[in-house]
Amino acid sequence: MSERLEDIAAAMVADGKGLLAADESSGTIKKRFDVIGVESTADSRRDYREMMFRAKEAMTRYISGVILYDETIRQKAADGTPLVDIIKATGAIPGIKVDAGAKPLAGYPGDTITEGLDGLRERLADYYTLGARFAKWRAVIDIDVAKGVPSATSIGSNAHALARYAALCQEAGIVPIVEPEVLMDGAHDIGTCYEISKATLTKLYTELYAARVVLEGTILKPNMVLAGKKSGNTSSPEEVAEKTIKLFRETVPAAIGGIAFLSGGQSDEEATANLNAINAIGPHPWKLTFSYGRALQAAPQKAWSGKAANVAAAQAAFAHRAQMNHLAALGKWQPELEQAA
Ligand code: 13P
């Protein structure tokens, strides 16, 4: 495959394909395993992820790339094959999460800043050798309007860090996924999500230009425009689509390689329905697909529940969600298809 950044980015958003975000840190995957009653060990994490990477139908037909965690990119399958080789054999591209997580922003209670720039150039060189051709950095913007969260300082600091990260990735021959996640956890309405997301994306692209990042060799991983979970309101897919596309038309350059959404706490079907509605009102200047963690993995995780005997059922559950999101990326999903399974 071509090693040009813009070609890698194009392959990541190839028609009807999207990304599997399997880059949960050890702390996060433990929380997911707690729910299904599985102890989180290096071997159980390996077995679980190997199950997904060996799901041939899902991987070859619907998944363009996999975001890995540092432990996983170095791990071998039970039979000794590096997990990265199993992913590559399906035609999917291995990627790597390189941020060191969101930490409290000093002086700004409630705001966070994502860390991980120190030593990043050297780590990227290592990850390139291990096979990664794209990377991910997640900035976290919470909303609590009454408390002045997010501050302009938080939005600015996170956008600046994303730009420095993206420039270092491109220097290393790695496509940066830039992820400025405006959380859906708050009590805010959909209009507030739109306003905060607009301020965030405006600042992000100002910083990416200033850092001389080549936009064609980047992928944006944004939130959709949604009402906060604690607001008690769920917006219709049509409203989500209309507001999300309006936001992107105002703030996201047409030149970027593509857009791959996070699921952010939406239910599996909500994440699919909203992506479908977004693509159904196209054509748009960019490809819009999925880069889901929870919304792709919740069903297979439950089906697997840590038992080797459940591997086939878990792979089928993964294939189903991946296929539904594949259709949504093409604007061809229908709710009845969920029942059929
Ligand atoms: P979710 O789809 O579960 O939000 O995870 C995507 C991701 O990679 C967040 O960084």
Side-chain angles (χ1 to χ4, degrees), residues 6-23 52 55-67 87 90-93 95 134 136 175 177-179 181 216 218-226 236-249 252 254 256-300 317-338 340-341:
E6 51 267 58
D7 295 334
I8 297 168
M12 290 164 70
V13 296
D15 279 339
K17 287 194 173 186
L19 301 164
L20 168 63
D23 59 323
M52 285 191 295
K56 202 168 168 212
E57 187 200 338
M59 292 293 297
T60 56
R61 296 170 72 168
Y62 312 128
I63 301 297
S64 58
V66 182
I67 316 176
I87 292 169
T90 69
I93 307 167
F134 69 89
K136 181 191 103 171
V175 168
I177 296 181
V178 291
E179 180 180 10
E181 177 173 4
E216 289 82 347
T218 67
I219 298 290
L220 174 66
K221 177 161 174 166
N223 53 285
M224 296 176 188
V225 177
L226 302 166
S236 69
E238 290 69 32
E239 185 181 14
V240 171
E242 184 250 314
K243 291 203 160 59
T244 301
I245 289 299
K246 174 175 159 61
L247 166 72
F248 291 172
R249 293 189 73 91
V252 180
I256 66 164
I259 296 175
F261 289 99
L262 60 97
S263 61
Q266 301 178 64
S267 72
D268 297 359
E269 211 172 312
E270 222 181 318
T272 302
N274 287 335
L275 176 62
N276 185 68
I278 286 166
N279 280 304
I281 58 168
H284 302 304
W286 337 259
K287 295 272 195 70
L288 298 118
T289 188
F290 56 92
S291 174
Y292 292 163
R294 283 162 284 181
L296 269 177
Q297 295 184 63
F318 175 37
H320 174 68
R321 281 275 39 96
Q323 185 191 12
M324 294 298 103
N325 287 309
H326 148 83
L327 290 169
L330 300 170
K332 291 180 177 167
W333 173 83
Q334 289 172 344
E336 303 79 59
L337 296 167
E338 298 287 345

First locate atom [atom1] of [X], then atom [atom2] of [Y], and finally report the distance between them rounded to the nearest 0.5 Å.
| X | Y | atom1 | atom2 | result |
| --- | --- | --- | --- | --- |
| T90 | M52 | OG1 | CE | 12.5 Å |
| M12 | L19 | CE | CG | 5.0 Å |
| N279 | H284 | CG | NE2 | 5.5 Å |
| L327 | W333 | CG | CH2 | 10.0 Å |
| I245 | L288 | CD1 | CG | 5.0 Å |
| H320 | D268 | NE2 | CG | 9.0 Å |

Between D15 and K287, does any side-chain N to carboxylate O distance fall below 4.0 Å?
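A salt bridge is present here (some side-chain N lies under 4.0 Å from a carboxylate O).
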Do you know which two heavy atoms are closest between [X] and [Y], and how far apart they sit?
| X | Y | value |
| --- | --- | --- |
| T244 | V225 | OG1-N, 3.0 Å |
| A58 | A322 | CB-CB, 4.2 Å |
| P285 | A254 | CB-CB, 3.9 Å |
| T289 | G18 | OG1-CA, 3.5 Å |

Are the side chains of [Y] and [X] in contact, using a 4.5 Å heavy-atom criterion?
| X | Y | value |
| --- | --- | --- |
| F248 | P222 | yes |
| F318 | Q297 | no |
| L226 | V240 | yes |

What verdict does the side-chain contact (heavy atoms from CB on, under 4.5 Å) test give for K221 and I67, after you've listed the backbone C-alpha separation in whole Å, the side-chain angles of each residue and the deciding distance to 0.1 Å? CA-CA 12 Å; K221 177 161 174 166; I67 316 176; 3.9 Å; yes
Checking [X] now: which residues fulfil salt bridge (Lys or Arg N to Asp or Glu O under 4.0 Å) with it, not counting sequence neighbours?
| X | value |
| --- | --- |
| E239 | K243 |
| E6 | R4 |
| K246 | E250 |

* Using ring pair (Phe, Tyr, Trp, His ring centres under 6.0 Å) as the criterion, list what pairs up with F134, not counting sequence neighbours. =>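 Result, ring pair (Phe, Tyr, Trp, His ring centres under 6.0 Å) vs F134: none returned.
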Quick one: list whatever passes ring pair (Phe, Tyr, Trp, His ring centres under 6.0 Å) with Y62, sequence neighbours left out.
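Residues passing ring pair (Phe, Tyr, Trp, His ring centres under 6.0 Å) with Y62: H326.
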Step-by-step side-chain contact (heavy atoms from CB on, under 4.5 Å) determination, I219 to I256: CA-CA 7 Å; I219 298 290; I256 66 164; over 6 Å; no
Check whether any side-chain N or O of [X] sits under 3.5 Å from a backbone N or O of [Y] as a donor-acceptor pair, and report yes or no.
| X | Y | value |
| --- | --- | --- |
| Y292 | A271 | yes |
| N325 | R321 | yes |
| K17 | T60 | yes |

Do K136 and E179 pass the side-chain contact (heavy atoms from CB on, under 4.5 Å) test, and can you show the C-alpha distance, the side-chain angles, and the key distance before you say yes or no?
CA-CA 7 Å; K136 181 191 103 171; E179 180 180 10; 3.3 Å; yes
Can you list, pair by pair, the side-chain donor-acceptor contacts under 3.5 Å of residues 257-267, counting residues two or more places apart and other chains?
| residue | atom | partner | partner atom | Å |
| --- | --- | --- | --- | --- |
| S263 | OG | A295 | N | 3.4 |
| Q266 | OE1 | N274 | ND2 | 2.8 |
| Q266 | NE2 | S263 | O | 3.2 |
| S267 | OG | E270 | N | 3.1 |
| S267 | OG | E270 | OE1 | 3.4 |

Could you please spell out the steps behind the side-chain contact (heavy atoms from CB on, under 4.5 Å) verdict for V175 and T218?
-> CA-CA 6 Å; V175 168; T218 67; 5.6 Å; no
